[in-house]
Amino acid sequence: MTAPPPLRLAILISGRGSNMASIARACAAHTINAQVACVVADRADAAGLEAARALGIDAFAVVAADHASRAAFEAAVVARLDSCTPDLVILAGFMRILGDGFVAHYRGRMLNIHPSLLPKYKGLHTHRRALAAGDTVHGCSVHYVTEELDGGPVVLQGRLRIASGEDEQQLSARIQAMEHILYPRTIGWIAAGRLAWRDDGAWLDGQPLTAPITEDFDGPATD
Ligand code: GAR
């Protein structure tokens with residue numbers, strides 16, 4: 001039997017692009033049956049654009065300020081993404097709230113990674129908020145994107161214990177290390193036909209996913 005063609009990914013970034021690079025590496029190593037068709041940033045100075053080009057990936061900036069309205073900007077992003085004919089759109093540190101039309105266009109074909117254990121800490125400054133709340137466990141979530149900000153079905157979560165005295169930067173680095181493992185893994189499940197969007201929800205291995213799959217990165221979590 002011949003292998004199915006690789007899943008085509010279009011990755012949206014705003015910054016460094018370390019998640020983009022981890023996904024591109026997993027593709028290049030054939031750990032997952034996917035290929036990065038293009039990378040699009042909403043800022044011309046996003047460091048991830050150069051990182052993508054260094055990996056041989058087509059990378060483009062679509063800058064909001066160059067467009068008359070948010071709708072026009074989002075239409076330009078859709079046009080750029082669709083010109084890469086993606087099977088899946090990957091939000092990897094894309095720091096913009098997307099309009100309903102954009103989300104509807106990619107419904108069931110768009111994933112995000114968020115640096116918290118959703119539904120906790122939607123939005124920004126998640127590590128700072130977890131530390132300020134005195135949480136002992138923190139993590140990241142890979143989820144399908146729906147109209148509700150950071151609210152779509154969560155597929156996979158990584159959890160770790162917050163170490164005593166750990167600061168925001170240290171915590172962020174440990175969370176990112178988990179992200180670099182869990183995001184390629186989730187994409188690999190889709191590429192392998194294990195994970196799919198069906199009946200307006202996530203299905204894994206032929207069953208509706210009623211709760212996220214969780215992985216503890218440093219022993220069992222306690223809350
Ligand atoms: C990641 O840690 C991701 O979880 C976060 O931005 C970072 C991007 O890093 N995303 C969000 O906060 C989205 N709400 P990267 O550019 O190095 O991949």
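Atoms within a ligand are numbered from 1 in the order they appear, just like the ligands themselves. Numbering starts at 1 and runs along the sequence shown.
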(message) What does the 4.0 Å heavy-atom contact list look like for ligand 1?
(response)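 Residues near ligand 1: R16, G17, S18, N19, G93, M95, I113, H114, P115, Q176, E179.
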Return a table of donor-acceptor pairs under 3.5 angstrom between the side chains of residues 71-81 and protein atoms on other chains or two or more places apart.
| from | atom 1 | to | atom 2 | distance (Å) |
| --- | --- | --- | --- | --- |
| E74 | OE1 | G99 | N | 3.3 |
| E74 | OE2 | R70 | NE | 3.3 |
| E74 | OE2 | G99 | N | 2.9 |

(request) Mark yes when over 12 heavy atoms from residues, nucleotides or ligands other than R96 sit less than 6.0 Å from its CZ; otherwise mark no. (result)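 Enclosed: over 12 neighbouring heavy atoms sit under 6.0 Å from CZ of R96.
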(request) Flag the pair K120 and D135 as a salt bridge only when some basic side-chain nitrogen lies within less than 4.0 angstrom of an acidic carboxylate oxygen. (result)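 Result for this pair is yes, salt bridge flagged.
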(request) Flag the pair H114 / H143 as yes when their ring centroid distance falls below 6.0 Å, and as no otherwise. (result)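 Distance test on ring centres: not under 6.0 Å, no.
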Using a 3.5 Å cut-off and no angle test, enumerate the donor-acceptor pairs between side-chain atoms of residues 27-35 and protein atoms at least two apart in sequence or in another chain.
| from | atom 1 | to | atom 2 | distance (Å) |
| --- | --- | --- | --- | --- |
| N33 | ND2 | P4 | O | 3.1 |

What pairs of donor and acceptor atoms, side-chain ones from residues 168-175 against any protein atom, are under 3.5 angstrom apart with sequence neighbours left out?
| from | atom 1 | to | atom 2 | distance (Å) |
| --- | --- | --- | --- | --- |
| E168 | OE1 | R128 | NE | 3.2 |
| E168 | OE2 | R128 | NE | 3.4 |
| Q170 | OE1 | D167 | N | 2.8 |
| R174 | NE | E166 | OE2 | 2.8 |
| R174 | NH2 | R161 | O | 2.6 |
| R174 | NH2 | E166 | OE1 | 2.9 |
| R174 | NH2 | E166 | OE2 | 3.3 |

